[in-house]
Amino acid sequence: MAKLRFKIIHRDKKSKARTGTIKTDHGIIRTPAFVPVGSGATVKSLTPEEIKQAKIDVFFVNTYHMLFRPGIEKIKKVGGLHKFMNWQGPLMTDSGGFQAFSLSEKGPRDTLDGKSLVKINSEGIKFKSVWDGKEMFLGPKESIEAQIGFGADIIMSFDECTFYPITKERAKLAMDRTHQWAIISLETLAKRKNSEQNLFGIVQGSIFRDLRVKSAKYMACLPFDGLAIGSVANSQEPRELVFAVLDWTLPYLPSEKPVHFLGVGEIEDIFLSVEKGIDSLDCVTPTRLGRMGWIFDKIMGIKHKFRYDITKSVYAADKNPPVIDCSCYTCQNFSRAYINHLFRNRELLAYRLATTHNLFFFGSLMEKISESIAEDKFLRLKKIWLG
RNA sequence: UCCCCUGUAGCUCAACGGUAGAGCGGCUUCCUGUUAAGAAGAAGGUUGUAGGUUCGAAUCCUACCGGGGGAG
């Protein structure tokens, strides 16, 4: 079995940050790694080549999206997601568990008729397609079988991602289900002999300390290849608790396994997470916000979340590049004025150029973070950025 | 010089007797395992000016001013 090999190259002496490599059959993931989200089998608007140029090693594809469109049979027929997308690097797939939250009535967007697109019970999640209403059932077995068909290097155990605010009882219910589903997820993958895929278990428990500790201990005992922390900052979780969850859980997780932080984060979040020992994290921030006109720029500082809105009229005649001194393709070739113009006219190039820059910004930041850890200077770098 | 058309929010227009709406733009906010090239909100007009008719005028009448077109 060509299982995942996680090698910690160096542990920062002044924090829990660590840098290393995760070797997969499709190449190396340098950690700490930022993982962009490409739910629909595309990091929107970019080619694989451009993703690599942004210093990104791996990205996320979503099971829910793939099952409805194009459907698992089609992906199998073309030889899996890597071939389908012509992405030769490492790849991760999400289990579909996130949609238990995002498509529910407590999710980020209400459905038009107020009816939930998901129904959850102990067996799994019944989904309705957001595109045509077609129903689909996804349980741990179905999710893992689908992810086996997709063939990503790192796959996620099926879990229930919770909303917030939430009662402890409801959070415990989701956690218990996730624990049961973890066993089934492992069993489903184990049936496939000589699997090259690596399965990550997901710690749940919302913002309740005892639940998180329990969940971490539970997941730590199972033969997962890596662990992930879920349901942390997707909803309205109090910010101070988001990172407390890492303090509660990480001590119980085996230090020789990589730990992924699901759905986080902003620039500040990346520093806070890496400091506590997170090896990888995924977020829509650079890509989605990029398409909304937000350009990441260190000079904007923590107060502005290191970004500014290039669609504002003040940039309409600004001949400077989006970020001065940035070496990405966008900044080397285009002005704020031009990109402002593209956004105002909803030109497709706007989304490409903004995404290209933002991803390069995140990729470069992770590179700097890795270097700083290797030199025991992570906290210094953090101070430079966050003050 | 005469005739016709026209003047409503920054722009393009709607409302055609009952005291003004939309789209776009501008502004603000939101976005953390993407239903997201997305969502929400507030602001913005003494309806060219001055009179008149009317219970009531952006709407009808008169004059003037501005814009467009036509005839000489």
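Lettering of chains follows the sequences in order, A, B, ..., and the numbering in each one begins at 1.
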Check: A:Thr287 side chain, B:rU34 base, donor-acceptor under 3.5 Å
yes
With heavy atoms under 4.0 Å as the rule, sort A:Gln236 into base, sugar-phosphate or nothing.
nothing
Suppose you measure atom C1' in B:rG23 against the same atom in B:rA14; what distance do you get, rounded to whole Å?
10 Å
Does B:rU34 have OP1 or OP2 under 4.0 Å away from a side-chain N or O of A:Arg69?
no
Pick the C1' atom in B:rU46 and in B:rU8, then give their distance to the nearest Å.
13 Å
Taking only the P atom of each, what is the distance from B:rC30 to B:rG66 in whole angstrom?
49 Å
For atom CG of A:Asp282 and atom C1' of B:rU34, their distance in whole Å
11 Å
Students often get this wrong, so: under 4.0 angstrom with heavy atoms, is A:Leu348 touching a base, only sugar-phosphate, or nothing?
base
Can you tell me, in whole Å, how much space there is between the P of B:rU29 and that of B:rG68?
42 Å
With rounding to the nearest 0.5 angstrom, report the CG to CZ distance, A:Leu386 to A:Phe271.
5.5 Å
Side-chain donor or acceptor of A:Ser313 under 3.5 Å from a matching atom on the base of B:rG25?
no
Do the rings of A:Trp385 and A:Phe306 sit parallel, tilted or perpendicular, given the 30° and 60° boundaries?
tilted
When all nucleic acid strands are considered with a 4.0 Å heavy-atom cut-off, which category describes A:His260: base, sugar-phosphate, or nothing?
nothing
Taking 4.0 Å as the cut-off, does a side-chain nitrogen or oxygen of A:Asn62 come that near to OP1 or OP2 on B:rU34?
yes
Check this for me, if you would: do A:Arg380 and A:Glu375 make a salt bridge, where the nitrogen-to-carboxylate-oxygen distance has to be below 4.0 angstrom?
no
Separation of atom CZ in A:Phe101 from atom P in B:rG33, rounded to whole Å:
9 Å
Please work out if A:Asp159 contacts a base, only the sugar-phosphate, or nothing of the nucleic acid, heavy-atom cut-off 4.0 Å.
base
Could you tell me the separation between the CG atom of A:Asn358 and the P atom of B:rA36, rounded to a whole number of Å?
18 Å
Rounded to the nearest angstrom, tell me the gap between atom CZ in A:Arg291 and atom C1' in B:rA39.
14 Å
Donor-acceptor pair under 3.5 Å, A:Asp94 side chain vs B:rG33 base:
yes
B:rU1 and B:rC60, which share atom name P, separated by this distance in whole Å
28 Å
Figure out the CG/P separation between A:Leu199 and B:rG33, and round it to whole Å.
21 Å
Is A:Ser45 touching bases, backbone alone, or none of the nucleic acid, heavy atoms closer than 4.0 Å?
nothing
What's A:Ser39 touching, base or sugar-phosphate or nothing? Going by heavy atoms closer than 4.0 Å.
base
Which value, in whole Å, describes the distance between the C1' atoms of nucleotides B:rC13 and B:rU47?
13 Å
Rounding to an integer number of angstrom, what distance separates B:rC2 and B:rG45 when you compare their P atoms?
38 Å
Provide, to the nearest angstrom, the distance between the CD atom belonging to A:Gln99 and the C1' atom belonging to B:rU35.
9 Å
Lys/Arg cation over aromatic A:Trp248: A:Arg212, 6.0 Å, 45° cone:
no
Return the value, rounded to whole Å, for the distance between atom CE of A:Met292 and atom C1' of B:rG38.
4 Å
Which of the following nucleotides, B:rU34, B:rU35, B:rC27, is nearest to the side chain of A:Lys312?
B:rC27
Side-chain N or O of A:Arg344 closer than 4.0 Å to phosphate OP1/OP2 of B:rG26:
yes
Under 4.0 angstrom, heavy atoms only, what part of the nucleic acid is A:Trp294 near: base, sugar-phosphate, or nothing?
base
Looking across every strand, which nucleic acid part, if any, lies under 4.0 Å from A:Arg239 by heavy atom: base, sugar-phosphate, or nothing?
base
For A:Asp318 and A:Asn320, indicate whether the former's side chain and the latter's backbone hold a donor-acceptor pair under 3.5 Å.
yes
Reading RNA chain B 5' to 3', how would its secondary structure be written in dot-bracket notation, given Watson-Crick and G-U pairs with both distances under 3.5 Å, brackets [ ] for crossing pairs and | for partners on other strands?
(((((((..((((....[..))))..((((.......))))......(((((..]....)))))))))))).
Donor-acceptor under 3.5 Å (A:Asp12 side chain, A:Arg18 main chain)
no
For A:Arg346, which contact category applies under a 4.0 Å heavy-atom criterion: base, sugar-phosphate, or nothing?
sugar-phosphate
Using 30° and 60° as the class boundaries, would you call the ring planes of A:Trp181 and A:Phe158 parallel, tilted or perpendicular?
tilted
When rounded to the nearest Å, what value does the distance between C1' atoms of B:rC5 and B:rA43 take?
34 Å
If I take atom CG in residue A:Leu359 and atom P in nucleotide B:rU34, what distance separates them, rounded to the nearest angstrom?
15 Å
Would the distance check show the side chain of A:Tyr315 and the main-chain N or O of A:Pro322 forming a donor-acceptor pair, the cut-off being under 3.5 Å?
no
Could you tell me whether A:Asp269 contacts a base, only the sugar-phosphate backbone, or nothing, with contacts defined as non-hydrogen atoms closer than 4.0 Å?
base
In Å and rounded to the nearest 0.5 Å, what is the CZ to CE distance from A:Phe34 to A:Met366?
8.5 Å
If I take atom OG1 from residue A:Thr188 and atom CD1 from residue A:Ile148, how far apart are they, to the nearest 0.5 angstrom?
7.0 Å
